[in-house]
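All chains are named by letter (A, B, ...) in the order of the sequence lines, taking the proteins before the strands, and each is independently numbered beginning at 1.
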2 protein chains.
Amino acid sequence: MLPFLYDPKADREVIEIVDEEKVKEKVEEYLRSLQEKGFRITSPRRLIVETILQNWDKHPNVRELLDLIQEKDPSIGLATIYRTVELLVEMGFLHEVNLDEGFSRFEVSLKDIHFHLVCRGCGRVVHLKDEDQKSQVAEEWAEDMGFTLLPQSIELFGVCHECLRKGFDPSRMPQGECRCRRRRRMHRGLM
Amino acid sequence: MLPFLYDPKADREVIEIVDEEKVKEKVEEYLRSLQEKGFRITSPRRLIVETILQNWDKHPNVRELLDLIQEKDPSIGLATIYRTVELLVEMGFLHEVNLDEGFSRFEVSLKDIHFHLVCRGCGRVVHLKDEDQKSQVAEEWAEDMGFTLLPQSIELFGVCHECLRKGFDPSRMPQGECRCRRRRRMHRGLM
DNA sequence: TTTACTGCAAATGCTTTGCAAATCA
DNA sequence: TGATTTGCAAAGCATTTGCAGTAAA
């Protein structure tokens, strides 16, 4: 699944993609990169990339992407989304995010290595501060074992202090409260 | 899935489970803990726990566990293994390990927080050195964001230097070489 | 005896794939 | 035109679940 096509020298800007203007630019930039690797620019691909970039700060899963994309063009099929998302991950444009839900979420790769902190109580997902520095620490840990880290999203599971305050006790948690159980599959809204 | 039943005060010995004697002791210890939480000691559970402990240094998946267990008692069913393994994870005796293969592996929790380094080239999995210290670093990162980490296995994906030397290039990797692609499902031997 | 547990088979749900038609270069 | 890509429907596969029978306490 991962970066067969990833180019470590590619420009991954650490900026927020705030306006539609910026999104359009980025869409064309990504499509151009695809083309440079020998892939074709197609309208489903443009639409999918656009939708992902418009939701750059969410962590959509394929089902959610399908809904968002079909609002614009109902003819787009599920398999195309799977295939495009796989391609974008291989290109290094997306990170696959695993929140232990039984399906994958995807996020625009603004950093090569990215950390998520996931609350088992309320399901909240936050990013670490100073990720560049923390990535470097993780890279050193890996190098120390003779490994070079690839770009990826690293998920850390815990409980947020708000949930702890509300009485969440990991050793005595009432079933059914946790939003993050694998059991509960389904489409649960962008995070 | 995770630690509804986990007891942070439980004794998770950082010792190697080398001999059958030690395994037997541990099996009974785990079963006793189950019983204390109100679960029953049954022969399928004893067999499953025993097999997992005998393979404490592997990372078996459910399919592999089924094979190992059915060698001893062919009447044990797949669902029982899923259910027991889930229970053991909830108790904090096992960590669920995700190597991005499309299924879970399981490992005896000798540490609360445990790191795996996975090579995308050859599939090799190694553990970090000084895990206690590194866990503490990760815990500090989480606390800094108002989260308390739960026990878990954290997987870091990279390329080992041997693979790099052999010419593995993440940006130009020939399809089909990587043992870690999601596509290739199946049972691929204990790691 | 009561309740938990088990095995089986069926169901679930995410993801992948074969293929003919459509599209890009 | 020729190779990719797409959409659809059908598979594939890990995991979960309903239920009737079995076994622990």
TODO: Please state whether the rings of B/H114 and B/H95 are parallel, tilted or perpendicular, taking 30° and 60° as the class boundaries.
DONE: parallel
TODO: Could you tell me whether the side chain of A/D100 reaches within less than 4.5 Å of the side chain of A/R120, counting heavy atoms only?
DONE: yes
TODO: Map B/L78 and B/P44 onto DNA chain D by nearest heavy atom, then report which one ends up closer to the 5' terminus.
DONE: B/L78
TODO: Please check the phosphate of D/dA23 (OP1 and OP2 only) for any side-chain N or O of B/S43 closer than 4.0 Å.
DONE: no
Open item on the list: Taking any heavy-atom pair under 4.0 Å as a contact, classify B/R83: base, sugar-phosphate, or nothing.
Closed with: base
TODO: Compare side-chain N and O positions of A/Y82 against OP1 and OP2 of C/dT16 and report whether any pair is under 4.0 Å apart.
DONE: no
Open item on the list: If I take atom CD in residue A/Q35 and atom P in nucleotide D/dT5, what distance separates them, rounded to the nearest angstrom?
Closed with: 11 Å
Task: ILVMFWY cluster, A/L149 and B/V125 together (side-chain gap under 4.5 Å) - done: no
Task: CG-CG distance between B/L156 and A/L150, expressed to the nearest 0.5 angstrom - done: 11.0 Å
Task: Protein-nucleotide distance (B/I69, atom CD1; C/dG7, atom C1'), rounded to Å - done: 14 Å
Open item on the list: Rounded to whole Å, please give me the gap between CZ in A/F39 and P in C/dC24.
Closed with: 17 Å
- [ ] Give the rounded distance in Å between these two atoms: CD of A/E86 and P of C/dC14.
- [x] 18 Å
Task: Minimum heavy-atom distance B/Q152-A/F157, with the two atoms named - done: NE2-O, 2.6 Å
TODO: Find the distance B/L34:CG to C/dA4:P and express it as a whole number of Å.
DONE: 15 Å
TODO: In whole angstrom, give the distance that lies between atom CZ of A/R45 and atom P of D/dT4.
DONE: 11 Å
Open item on the list: Output the rounded distance in Å from CD (B/E90) to P (D/dT16).
Closed with: 11 Å
Open item on the list: Regarding D/dA3, can its base be found pairing with the side chain of A/R40 as donor and acceptor, where the two atoms are less than 3.5 Å apart?
Closed with: yes
Task: Among C/dG7, D/dT15, C/dC14, the nucleotide that comes nearest once only the side chain of A/F103 is considered - done: C/dC14
Task: Given D/dT5, C/dC14, C/dG7, the nucleotide with the shortest approach to the side chain of A/R63 - done: C/dC14
Task: A/R32 CZ - C/dA25 C1' separation (whole Å) - done: 18 Å
- [ ] Give a yes/no on whether any side-chain N or O of A/S104 is located under 4.0 angstrom from OP1 or OP2 of C/dT15.
- [x] yes
